[in-house]
Amino acid sequence: YIMESNHDVKMLMDGHYPYHIKQRILGDKGHLSNKDSAYYLSELITDKTKKVHIILKNANINSKQSAPIYVKQAEKVFVTLDKGTKNTLSNGGKFTQIDDNNIDSVIFAKDDLTINGQGKLNIKSSVGHGIVSKDDLVVTNGEITVDVLKHGYQAKGSIRIGGGKSVLQTQQDGINCENTENNKEGYVYIAKGTVNIEAEGDGISGSYFVQIDDVDMNIITAGGSSTLEIKGQERHNMDFWSTQTEQTTDNSVSCKGIKAENNLIINGGKYHLDTYDDSIHSNNSIAIYKGDFDISCGDDGFHAGSNLNISGGNINIAKSYEGLEGQSIDVEEGSIKIIASDDGVNASGGNDSSGNAVTGKNNRDMFKVDEDAYISIKGGTLYINAEGDGIDSNGDIYVLGGDTVIEGPTMGGNAALDYQGNGFINNGKFLALGSSQMALNFGKDSKQGTMLVAIKGEKGDKGDDGIAPQIRINSSTI
């Protein structure tokens with residue numbers, strides 16, 4: 001069936017149209033109203049309908065107590081935003097149960113849902129979610145703006161976004177794809193286009209994996225990093241000999257930028273992330289191939305439960321508790337700049353084991369060796385300004401290339417370079433500045449010569465000749 005409706009009866013009668021035009025449109029041979037069209041569609045579309053294609057052309061639909069678009073059953077549903085049109089779907093502030101399904105979004109689909117076209121769609125609701133599919137949700141092209149109480153986009157199978165522009169303002173997650181019944185579903189894939197999210201929960205959350213390719217992305221969570229005063233180093237110093245600090249906040253809502261329960265992959269694009277919690281987080285592995293990242297966060301810039309691999313890109317972490325964290329960390333290429341109130345780069349041996357600026361917990365055993373923990377630097381440039389340890393590994397550290405500069409801690413109990421296993425360097429440039437109390441050099445098995453220098457005195461002090469500062473190396477003065 002192909003049906004077209006093009007008017008609201010009340011708007012037509014109240015409009016400044018000639019009487020004969022109104023009569024023609026409302027007559028038996030006139031046009032189909034939106035209300036009549038909805039009635040006939042409800043009669044024609046049954047449980048046996050396989051495919052439904054809805055075209056929105058300057059549509060303005062408000063449902064006072066339910067979803068303006070509700071897909072109860074269909075194999076495939078397509079909602080097309082007609083080119084050059086502006087469409088609005090909204091809910092009146094209440095969702096009343098009409099059947100066994102818990103309808104709680106402006107667009108609600110029990111089956112696969114695809115939104116495409118080159119028009120605009122504005123979704124509003126003071127309750128519930130924006131767009132929900134209980135299976136797979138696909139969004140291609142178009143410009144969609146969502147302002148809702150709960151999640152912006154939500155699905156159980158997958159969420160796939162290709163091109164277009166999504167602007168999501170939510171009180172929960174911007175994009176949420178979770179399936180607690182099937183651990184192989186709940187994945188998010190975004191390619192091309194623009195995604196802007198302002199969320200009180202996570203910006204993007206996938207219970208399986210998340211992959212993002214060449215996207216222009218802006219995410220703010222829970223008001224951004226400025227809403228959490230980072231006191232990482234103050235807490236680190238006070239509880240140096242403790243494995244547990246007092247919890248300073250009871251905030252249990254996840255407010256991360258991009259989060260995956262499993263693997264997380266980013267390949268190209270531009271990312272501006274200002275997050276209350278971690279900016280990029282995976283309970284498993286993270287792989288960064290390329291992209292430009294501007295990050296300010298209340299906790300970790302990048303946090304991987306297992307391996308964090310950076311093989312390209314330009315990363316600027318302007319504010320963090322810890323810059324890079326994972327059980328193991330591989331830096332192969334790219335330009336990385338980190339400012340951290342605790343450790344700059346930390347191989348800590350698992351999820352959140354190094355502490356957390358949001359909860360105030362310090363969970364690590366600072367002298368325990370983890371055989372699976374390591375930091376490997378093979379290439380690229382790495383600059384670190386850290387109040388805690390510059391580079392800290394509960395296992396080994398390997399420097400095999402690249403240019404690394406660390407402006408490390410000035411407080412005792414921290415070091416520019418810290419490791420519990422072996423420290424090995426063979427190639428590359430490595431300059432680390434920091435307090436001398438806990439200073440470490442690389443290990444004796446290193447193939448490249450290194451020098452550990454301790455300078456006595458305070459900033460501005462002069463040597464015996466009144467000009468040169470003293471640098472003491474094995475009782476010799478330089």
Side-chain angles (χ1 to χ4, degrees), residues 3-8 11 34 37-38 41 52-64 66-71 74 76-93 95 103-155 158-177 188 190-199 203-204 215-218:
M3 300 186 66
E4 178 185 0
S5 61
N6 61 10
H7 70 277
D8 176 86
M11 292 177 65
N34 297 337
S37 178
L41 283 172
V52 177
H53 191 179
I54 301 172
I55 300 175
L56 299 180
K57 188 173 182 178
N58 293 318
N60 189 335
I61 305 173
N62 174 267
S63 177
K64 293 182 179 180
S66 190
I69 297 178
Y70 168 35
V71 181
K76 296 279 186 181
V77 176
F78 298 87
V79 177
T80 298
L81 312 176
D82 200 40
K83 185 177 180 179
T85 65
K86 297 180 180 180
N87 307 278
T88 299
L89 303 177
S90 58
N91 169 267
F95 286 100
I103 303 171
D104 57 357
S105 62
V106 176
I107 299 179
F108 184 91
K110 286 286 291 181
D111 296 288
D112 292 344
L113 174 64
T114 296
I115 300 177
N116 56 24
Q118 298 181 9
K120 295 182 179 180
L121 176 60
N122 188 22
I123 291 178
K124 295 181 180 179
S125 180
S126 60
V127 295
H129 309 289
I131 301 174
V132 169
S133 169
K134 294 302 181 180
D135 205 335
D136 297 324
L137 172 62
V138 177
V139 179
T140 64
N141 300 318
E143 183 176 330
I144 301 176
T145 301
V146 177
D147 185 355
V148 295
L149 180 69
K150 295 185 178 179
H151 301 317
Y153 297 161
Q154 185 186 40
S158 67
I159 295 178
R160 287 168 280 181
I161 301 173
K165 182 176 183 180
S166 294
V167 180
L168 312 176
Q169 185 170 349
T170 71
Q171 296 300 306
Q172 291 185 359
D173 297 348
I175 296 174
N176 176 281
C177 193
V188 178
I190 307 175
K192 306 291 185 181
T194 299
V195 176
N196 296 334
I197 298 174
E198 187 171 348
I204 298 172
V215 176
D216 188 347
M217 185 171 291
N218 300 274

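We find the CD1-CD1 distance between I204 and I159 to be 9.5 Å, quoted to the nearest 0.5 Å. Atom CG of N122 is separated from atom OG1 of T145 by 5.5 Å, given to the nearest 0.5 angstrom. Note that CD of E143 is 5.0 Å distant from NZ of K165, once rounded to the nearest 0.5 Å. One distance of note links CG of D82 with CD1 of I55; it measures 6.5 Å at 0.5 Å rounding. The distance from the CD1 atom of I131 to the CD1 atom of I123 is 3.5 Å, given to the nearest 0.5 Å.
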Run the numbers on T114 and N116 for side chain to side chain donor-acceptor pair (under 3.5 Å), then give the verdict.
-> CA-CA 6 Å; T114 296; N116 56 24; over 6 Å; no
Going through the distances and angles, do V139 and I144 end up as a side chain to side chain contact (heavy atoms under 4.5 Å, CB included)?
-> CA-CA 9 Å; V139 179; I144 301 176; 3.6 Å; yes
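In this pair, Y70 and F108 present their aromatic rings tilted. The plane angle is within the 30 to 60° band.
Residue pairs satisfying the salt bridge (charged side-chain N to carboxylate O under 4.0 Å, His left out) criterion with at least one member in residues 107-121, sequence neighbours excluded, are listed as follows: K76-D112.
Annotation: side chain of P68 is in contact with side chain of V106 (closest heavy-atom distance under 4.5 Å). N176 places none of its side-chain heavy atoms less than 4.5 Å from the side chain of H129. In this structure, the side chains of I115 and I107 come closer than 4.5 Å at one or more pairs of heavy atoms. Side-chain contact between I175 and I161 is present, with heavy atoms from C-beta onward closer than 4.5 Å.
A pairwise comparison of heavy atoms in V138 and T140 identifies CG1-CG2, 3.8 Å as the closest pair. When all heavy atoms of I190 and M217 are compared, the closest pair comes out as CD1-CE, 4.1 Å. A pairwise comparison of heavy atoms in A199 and G174 identifies CB-N, 3.8 Å as the closest pair. Nearest approach of H151 to V148, heavy atoms of both residues: O-CG2, 3.4 Å. Closest heavy-atom contact between K150 and T170: O-CB, 3.0 Å. For L149 against S126, the heavy-atom pair with the smallest separation is CB-O, 3.4 Å.
In this structure, N58 has no side chain to side chain donor-acceptor pair (under 3.5 Å) partners at least two apart in sequence or on a different chain. Checked against side chain to side chain donor-acceptor pair (under 3.5 Å), S166 has the following partners two or more places apart in sequence or in another chain: Y153.
Of the listed residues (T85, T88, L121, T80), just one forms a side-chain contact (heavy atoms from CB on, under 4.5 Å) with L56, and that residue is L121. Among the candidates N60, N62, D147, the single residue satisfying the side chain to side chain donor-acceptor pair (under 3.5 Å) test with S90 is N62.
Without hydrogens or angle criteria, N91 side chain to K124 main chain gives no donor-acceptor distance under 3.5 Å.
Judged purely by distance below 3.5 Å, without hydrogens or angles, the side chains of D136 and S158 pair a donor atom with an acceptor atom.
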